[in-house]
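One structure is given below, encoded as structure tokens.
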Amino acid sequence: MSGPSSSGFDTRAIHAGQDPNPATGDVVVPLHLATTFKQDGVGGLRDGYEYARSGNPTRTALQDLLASLEEGVAGLAFASGLAAEDTLLRTVCEPGSHVVLGGDAYGGTFRLISRVASRWGVEHTPADLNDADALRAAIRPETRVVWCETPTNPLLNIADIARTAEIAHDAGALLVVDNTFASPYLQRPLTLGADVVVHSTTKYLGGHSDVVGGALVVGDGDLAEQLAYHQNAMGAVSGPLSDWLVVRGIKTLGVRMDRHQANAARIAEYLLASPAVSRVLYPGLPEHPGHEIAMKQMSGFGGMLSFRLADGEEAALRACERFGLFTLAESLGGVESLVEHPHRMTHASAAGSPLEVPADLVRLSVGIEDVDDLLADLEQALG
Ligand SMILES: *Cc1c(COP(=O)(O)O)cnc(C)c1O
């Protein structure tokens, strides 16, 4: 693999896993659409390729790239973030296993664990990961996984990855970190003690709102083998065009994240001063409860922020509908700015659960447009 781990992040983003093909010299990883590969005699595989569910050279490039960026031993690409999560849970859990699910996890993760995995005998307990006693109390002898999202979606809470890893490991559980919001540019959980990193590559890694995908990255060879076995055996793999788009997106991850977070910081400041807003949730603000931990484990605060409207849910819904440049839509992490109402949109499946989010909350995925235009849109939407 090119882009040795001693190279800088942006160099690896452009080169890791992307050595030019020796025969043709393509500077860009080719899009391999073949579903099957010619064998040189029975079982004589070229470079290990046999059938495209089991392996495809475009997917290999993405997987090696993700492993390099997250500083893991292996990356695995899936058809979506949830497909990656499902494969992970069914690899490491069995009937009777238990999962501790931190804070306000992504609604789809909560649904997968509470409504789907539960039917196969996997139990779960929600816990505040920043309360060490509560976390220890939630862990049982059957706990296989502590599931941590940081920053969380949509409340931007921060969990201390190193401390959570210690507590999980003391109990013999794996620490899984959903690193979708930070991206490996800002945070590398495996270097802080996590065992598995989960991504929805649909978000910042793809970066252009044109591909759905997911990934797992692991720091341990045995676990990597078990997961690779299940990736093939369960079959929820990503397709080659998706892989190609994510590899292409990742090349600019660093420069995009720099702009996303510069714009988000300006918007956070603007919202703090707005009388329409009762609270701004952004880990870059010194008054944010997770600010100190974020300073310790992240190299920046990212492009996601949420805020609460002083006049409640009606005001939040009205604001969502008045935005112009910010598009009213689910998802996040693309170059364009998006706004949404988590309570009614992305997190509707958590209603009535301990993970329910406030109804006066508005979430922004701050894009990389000119910040003055974004501020003008905020002003007219809240005005
Ligand atoms: C979107 C998202 C997921 C799920 O990924 P999909 O690609 O939509 O399946 C998981 N975690 C977080 C934090 C997300 O934002």
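We count ligands from 1, going down the list as the structure has it; atoms in each ligand are counted the same way.
- One finds a salt bridge joining Arg363 and Glu340 here, because a Lys/Arg side-chain nitrogen approaches an Asp/Glu carboxylate oxygen to under 4.0 Å.
- By the 4.0 Å N-to-carboxylate-O rule, Asp372 lies close enough to Arg266 to be salt-bridged with it.
- Of all the heavy atoms of Val198, none lies under 4.0 Å from any atom of ligand 1, so neither backbone nor side chain is involved.
- The distance criterion of under 3.5 Å between nitrogen or oxygen atoms is not met by Thr109 with respect to ligand 1.
- Close approach of ligand 1 to Gly213 (heavy-atom distance below 4.0 Å) involves ligand atoms 7 (O).
- Ring-plane geometry between Phe37 and Tyr49 is classed as tilted, the angle between the planes lying from 30 to 60 degrees on a 0 to 90 degree scale.
- For ligand 1, the atoms lying closer than 4.0 Å to a non-hydrogen atom of Ser200 are 1 (C), 2 (C), 3 (C), 4 (C), 5 (O), 6 (P), 7 (O).
- Protein heavy atom nearest atom 2 (C) of ligand 1, with residue, atom name and distance: Lys203 NZ, 2.5 Å.
- A donor-acceptor pair under 3.5 Å links the side-chain atoms of Arg12 to the main chain of Ser7, judged by distance alone.
- A cation-pi contact, defined as under 6.0 Å to the ring centre and within 45° of the axis, is absent between Lys251 and Tyr185.
- Closest to atom 4 (C) of ligand 1 among all protein heavy atoms lies Tyr106 CE2, 3.4 Å.
- Within the listing of ligand 1, atoms 13 (C) sit less than 4.0 angstrom from a heavy atom of Glu149.
- Clustering ILVMFWY residues whenever any of their side-chain heavy atoms sit less than 4.5 angstrom apart, transitively, puts Val366 in a cluster other than the one holding Leu253.
- By the 4.0 Å N-to-carboxylate-O rule, Asp311 lies too far from Arg318 to be salt-bridged with it.
- Heavy-atom proximity to Asn153, at under 4.0 Å, picks out these atoms of ligand 1: 15 (O).
- Atoms of ligand 1 found under 4.0 Å from any heavy atom of Thr202, numbered from 1 in the order shown, are 7 (O).
- The atoms of ligand 1 that sit less than 4.0 Å from any heavy atom of Leu332 are 15 (O).
- With respect to atom 6 (P) of ligand 1, the closest heavy atom belonging to the protein is Gly81 N, 3.4 Å.
- Residue, atom and distance of the protein heavy atom nearest to atom 12 (C) of ligand 1 are Asp178 OD2, 3.4 Å.
- For Leu82, heavy-atom contacts with ligand 1 shorter than 4.0 Å involve the backbone as well as the side chain.
- Glu70 and Gln187 share no side-chain donor-acceptor pair at under 3.5 Å.
- Within the 4.0 Å heavy-atom cutoff, His199 does not count among the residues contacting ligand 1.
- Inspection of the Ser209 and Glu336 side chains reveals an N or O donor paired with an N or O acceptor under 3.5 Å.
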